[in-house]
Enquirer: 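First, the structure itself, so that you have it in front of you.
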Amino acid sequence: MATVKEEALPLVLVHRPPNFHFPFKHHLQTHFRLLDPLDSDPPESTHSFFSCHAASVALQTSVQLGGKRVGIVGLGSIGAKIAKRLEPFGCAISYNSRRKKPSVPFPWFKNVYDLAVNNDVLIVCCMLTEESRHIIRKDIMTALGKEGVIINVGRGALIDEKELVQLLVRGELRGAGLDVFENEPDVPQELFSLKNVVLSPHCAAATPECFDALEELITANLHAFFSSKPLQSVVELE
Ligand SMILES: NC(=O)C1=CN([C@@H]2O[C@H](COP(=O)(O)OP(=O)(O)OC[C@H]3O[C@@H](n4cnc5c(N)ncnc54)[C@H](O)[C@@H]3O)[C@@H](O)[C@H]2O)C=CC1
Ligand SMILES: O=CC(=O)O
């Protein structure tokens, strides 16, 4: 059997191209379920502050999406599409990324603390690296304030989960929508009994359409690679 020396293998990293269609309906359902009090049909796997309570309770505790200041942590492929869909609801979008993106019209905050101070909602969708681990620390969540809502569809370890749970338990955050957890599949028990939290089991991308699209992308990249053609969505290492 022919063998290839490890050092002879070229390493090419690819990621999803900007036009890669994730099932954003699903992603945004995750967000809107938390933010839209009119949503009355969450899957059974989730419990919702807004939808699992009597209408009278929900009325006192509803959050209106329109007009909210939404800060996006990581304005990549997913973040940009979330912004595009939130704008028509009248949300004021701003973002944090390592560098300002010249083609993006939204205000950029150089650090996550300032983003938190200036927003009502934080949506976390940056990649997890050593640099971004616990990018959402206690002081960031405290800066967001008691009326603040945090949504995480990126990776659990982007948020200091212990601190998040404590703040939610003590009512020092208004709510959270979490698709990802720091030690999956373990989810902190406290979260299950909180009424101001929406949980989903890391399923924001789990649709047949998404998996078909991923398969197509991987196949196209392999074809391109073995025919010495340009690959789609090559990761530029900085
Ligand atoms: N919950 C789920 O099912 C899914 C979760 N994901 C997660 O969402 C992440 C984002 O996905 P895409 O938007 O497709 O990736 P992307 O690569 O297009 O965007 C990631 C963004 O994060 C930014 N970023 C990296 N380090 C940062 C830092 N230290 N501070 C601020 N921003 C930083 C990058 O500049 C980039 O704009 C993925 O890395 C993955 O972990 C992705 C798909 C499904
Ligand atoms: O979490 C899922 C992913 O595709 O990344």
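Counting starts at 1 for both ligands and their atoms, following the listed order. For the numbers below, each heavy atom of this structure counts, side chains included, while hydrogens, waters and symmetry mates do not. All values reported here derive from a predicted model rather than from experimental measurement.
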Enquirer: Is it true that Arg174 and Glu147 make a salt bridge, defined as a side-chain N closer than 4.0 Å to a carboxylate O?
Expert: yes
Enquirer: Using a plain distance cutoff, I'd like to know if Ile78 has any nitrogen or oxygen under 3.5 Å from a nitrogen or oxygen of ligand 1.
Expert: yes
Enquirer: Only heavy atoms count here, so choose which of Val73, Ile72, Asn96 is nearest to atom 31 (C) of ligand 1.
Expert: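 Looking at heavy atoms only, Asn96 sits closest to atom 31 (C) of ligand 1.
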Enquirer: Checking Asn119 side chain against Val121 main chain: does a donor-acceptor pair fall under 3.5 Å?
Expert: no
Enquirer: Is the shortest heavy-atom distance from the side chain of Arg133 to the side chain of Leu158 under 4.5 Å?
Expert: no
Enquirer: Suppose I only count heavy atoms of Ser132 and a 4.0 Å limit; which atoms of ligand 1 are within that range?
Expert: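 Those atoms are 29 (N).
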Enquirer: For Ala204, which part has a heavy atom under 4.0 Å from ligand 1: side chain, backbone, both, or neither?
Expert: both
Enquirer: Relative to the heavy atoms of His202, which atoms of ligand 1 are at a distance of less than 4.0 Å?
Expert: 1 (N), 2 (C), 3 (O)
Enquirer: Checking Glu161 side chain against Glu182 main chain: does a donor-acceptor pair fall under 3.5 Å?
Expert: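 Yes; at least one donor-acceptor contact below 3.5 Å.
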Enquirer: Side chain or backbone of Ile135 under 4.0 Å from ligand 1, or both, or neither, by non-hydrogen atoms?
Expert: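 Side chain only.
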Enquirer: I'd like to check which ligand 1 atoms, numbered from 1 as shown, lie under 4.0 Å from a non-hydrogen atom of Cys125.
Expert: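 Answer for ligand 1: 9 (C), 10 (C).
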Enquirer: Hey, is the main chain of Cys210 close enough, under 3.5 Å, to the side chain of Thr207 for a donor-acceptor pair?
Expert: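 A pair under 3.5 Å: yes.
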Enquirer: Test of understanding: given a 4.0 Å heavy-atom threshold, classify the contact between Asp179 and ligand 1 as side chain, backbone, both, or neither.
Expert: side chain
Enquirer: Taking N or O atoms only and a 3.5 Å limit, does Ser77 qualify as a polar contact for ligand 1?
Expert: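 Looking only at distances, the answer is yes, because the N/O contact criterion of under 3.5 Å is met.
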Enquirer: Suppose I only count heavy atoms of Ala205 and a 4.0 Å limit; which atoms of ligand 1 are within that range?
Expert: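 So the answer, numbered in order with elements, is 3 (O), 44 (C).
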Enquirer: Counting only N and O atoms by type, is there a donor-acceptor contact under 3.5 Å from the side chain of Arg85 to the main-chain atoms of Lys81?
Expert: yes
Enquirer: Side chain, backbone, both or neither: which part of Glu130 comes within less than 4.0 Å of ligand 1 when only heavy atoms are counted?
Expert: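 It is neither part, as no heavy atom is under 4.0 Å.
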Enquirer: Show which atoms of ligand 2 fall inside a sub-4.0 Å distance from at least one heavy-atom site of Arg155.
Expert: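 Selected atoms, number and element: 1 (O), 2 (C), 3 (C), 5 (O).
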Enquirer: Which of the atoms in ligand 1, numbered in the order shown and given with their element, are less than 4.0 Å from a heavy-atom of Val153?
Expert: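 By the 4.0 Å cutoff, the relevant atoms are 1 (N), 2 (C), 4 (C), 5 (C), 6 (N), 7 (C).
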Enquirer: Considering both backbone and side-chain atoms of Ser97, is one of its nitrogen or oxygen atoms within less than 3.5 Å of a nitrogen or oxygen in ligand 1?
Expert: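 By distance alone, the answer is no.
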Enquirer: Looking at Ala83 and Phe106, what are the two nearest heavy atoms and their distance?
Expert: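 For Ala83 versus Phe106, the nearest heavy atoms are CB-CE1, 3.7 Å.
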Enquirer: Restricting to non-hydrogen atoms, name the atom on Arg137 and the atom on His134 that form the minimum distance, rounded to 0.1 Å.
Expert: CG-O, 3.0 Å
Enquirer: Looking only at atom types and distance, does a side-chain atom of Asn96 sit under 3.5 Å from a main-chain N or O of Val73, one as donor and one as acceptor?
Expert: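 Checking the backbone N and O of Val73 against the side chain of Asn96, no donor-acceptor pair under 3.5 Å is found.
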Enquirer: Pick one of side chain, backbone, both or neither for how Met127 approaches ligand 1, counting any non-hydrogen atom pair under 4.0 Å.
Expert: both
Enquirer: Tyr95 side chain to Leu115 main-chain N or O, any donor-acceptor pair under 3.5 Å?
Expert: no
Enquirer: Apply side-chain contact (heavy atoms from CB on, under 4.5 Å) to residues Leu168 and Val197 and explain how you reach the verdict.
Expert: CA-CA 8 Å; Leu168 287 165; Val197 173; 3.7 Å; yes
Enquirer: Under 4.0 Å from any heavy atom of His202, which atoms of ligand 2 are there?
Expert: 1 (O), 2 (C)
Enquirer: If we only consider heavy atoms of Arg99, is any one of them less than 4.0 Å away from an atom in ligand 1?
Expert: no
